[in-house]
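The figures that follow rest on heavy atoms only: side chains count, while hydrogens, waters and symmetry mates do not.
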2 protein chains.
Amino acid sequence: MTAPKTASPSKSRSQATRKRTRIQREKQDLILEAALDVFSSHGFRGATIDQIADKAGLSKPNLLYYFRTKEAIHRQLIDRLLDNWLEPLRKIDPNGDPLSEIQSYIRRKLELARDFPRESRLFANEILQGAPRIREELHDLRDLVDEKSKIIASWTRDGRIAPCDPKHLFFSIWAITQHYADFDAQIRVVLGRAGEGEGRFEDAARFLDQLYVSGLRPQT
Amino acid sequence: MTAPKTASPSKSRSQATRKRTRIQREKQDLILEAALDVFSSHGFRGATIDQIADKAGLSKPNLLYYFRTKEAIHRQLIDRLLDNWLEPLRKIDPNGDPLSEIQSYIRRKLELARDFPRESRLFANEILQGAPRIREELHDLRDLVDEKSKIIASWTRDGRIAPCDPKHLFFSIWAITQHYADFDAQIRVVLGRAGEGEGRFEDAARFLDQLYVSGLRPQT
DNA sequence: ACAAAATTTTACCATATGGTCAAAGATTAC
DNA sequence: GTAATCTTTGACCATATGGTAAAATTTTGT
């Protein structure tokens, strides 16, 4: 009985029920791109709407025409992020070879850190501050981890990988791979000249292959 | 020819050259304690002087009597932090048994994450945002890492641990151990009931012992 | 072409925030 | 005890910031 999906006579505030126009799509993407930059390097509170608007080349009120609040921008970034972020975990195949599955998982996570460092930092900022804005989404993560942990546990039971706590295994993989995005500033300083290209990701991949493959190979 | 160390007739602003009074020591500690809380959970820009003053039970101008600026408080926290933070790394003994040295290093770092999570998050916040306020201190870290990397490399050369890139080995250890402090919010959600006590640190220690000892034991 | 809708701009506003100042109140040294 | 010094407070200030209102401009559907 309330207004049907597409028939209401416009809401003035764009992101209402109606279909998005071309300009809306373009500008919203532009804003999200700029916001990702700003949020990921200053955190939620440290980021200002003016900064985002500047970077997007819009006036502040114009930006606020597309997103009602600063929090709305942040929300949307987080939502988009989590999907991609969990993809590698979803891909772990219960029927694959255990060590290669884990190795591939590490590779994929490392590629995400290399190709989407801002997203990684956005997420890290959020968790660091106690995850105030993403409690619910974390519960989806928990369910997924529970599911995948069972796979790891079964591999352990079958003697196909060394016994280990599946959740801590995941924690360690997240920690290390994301470290290359989140702590990039530190890593570059420590590596000096060697940290300049993207070679550090290949070195990391090599190191991690060795660590996890030897570390998890079942002891005979 | 300029004023000698302790003879100048007072500077009004306390932290000048003169000897600190009892009250100064007490209040400054109080402020730093409160500031650690606030900075570590909101980042530098997210933290406000009012918040810190409230938590310390002082008025804002009173707080600013002890530290001239917000940045001065932050600086001092960072300075205090880095010393303790690097201690475990300094303790790595070139003459010890390689695998036990690494194992002990991991243990000590994990204990720091358990006992000083706020310090870990303070540091993480800083690096995440590009380390704008601690560029110099990071160079000390680099020197120390260079030194300790040589030790690891020599162990590798002598066949006492598996060949590996020493710096990436350190990165992985920092990442994982600090993860338990920095990503605590996420870890608690994923572990559910099991994440409530401090048992997760023992589980982590067990997991990491296995991973690194098997992963780094020289292949025969 | 032109009306309706969507977009952009200009001018604001209320509040938060980092920081200052001068005077009042406590301590300390002698 | 009292002068000199240190500490605390209350009243401020300039700027930054999230957000709004309404008019002006542009785009779109026909």
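When rounded to the nearest whole Å, the span between CG of L58(B) and C1' of dA26(C) equals 15 Å. D50(B) places its CG atom 7 Å from the P atom of dG18(C), with the value rounded to the nearest Å. L63(B) places its CG atom 15 Å from the P atom of dT17(C), with the value rounded to the nearest Å. Distance CZ (F67(B)) to P (dT7(D)): 13 Å, rounded to an integer number of Å. Distance E26(B) CD to dC6(D) C1': 14 Å, rounded to the nearest Å. For the pair F39(A) CZ and dT17(D) P, the interatomic distance rounds to 13 Å; values are reported in whole Å. Counting to the nearest Å, the P atom of dC13(C) and the CG atom of L64(A) are 18 Å from each other. Spacing between atom CD1 of I73(B) and atom P of dG19(C) amounts to 9 Å, rounded to whole angstrom units.
Close to dA6(C), at under 4.0 Å from its OP1 or OP2, lies no side-chain N or O of Q24(A). For R45(B) and dA16(C), the shortest distance from a side-chain N or O to OP1 or OP2 is not below 4.0 Å. Between Y66(B) and dC6(D), a side-chain N or O to OP1/OP2 separation shorter than 4.0 Å is absent. For dT8(C), the OP1/OP2 oxygens have no side-chain nitrogen or oxygen of S59(A) closer than 4.0 Å. Using a 4.0 Å cut-off, no side-chain N or O of N62(B) falls inside it from OP1 or OP2 of dT7(D). Under 4.0 angstrom from either OP1 or OP2 of dT7(C) there lies at least one side-chain N or O belonging to Y65(A).
Note on A53(B): nothing from the nucleic acid sits closer than 4.0 angstrom, heavy atoms only. When heavy atoms are screened at a 4.0 angstrom cut-off, K60(A) is found touching base atoms of the nucleic acid.
Ring geometry for F183(A) against H179(A) counts as parallel: the plane angle stays under 30°, on a 0 to 90° scale with 60° as the upper cut.
For the residue pair Y212(A) / S172(A), a side-chain donor-acceptor distance below 3.5 Å is found, with atom types taken as modelled. In this structure, a donor-acceptor pair under 3.5 Å is absent between the side chains of E137(A) and W85(A). Using modelled atom types, one finds a donor on one side chain and an acceptor on the other under 3.5 Å when comparing Q103(B) with D209(B).
Here dG18(D) is the nucleotide among dG18(D), dT17(C), dG19(C) with the atom lying nearest to any side-chain atom of K70(A). Taking every side-chain heavy atom of P61(A) into account, dA11(C) is the closest of dA11(C), dG19(C), dT8(C).
In terms of position along DNA chain C, the nucleotide closest to K27(A) lies nearer the 5' end than the nucleotide closest to the other residue of the pair K27(A) and A47(B).
Within the 3.5 Å criterion, the main-chain N or O of P166(B) finds no donor-acceptor partner in the side chain of K148(B).
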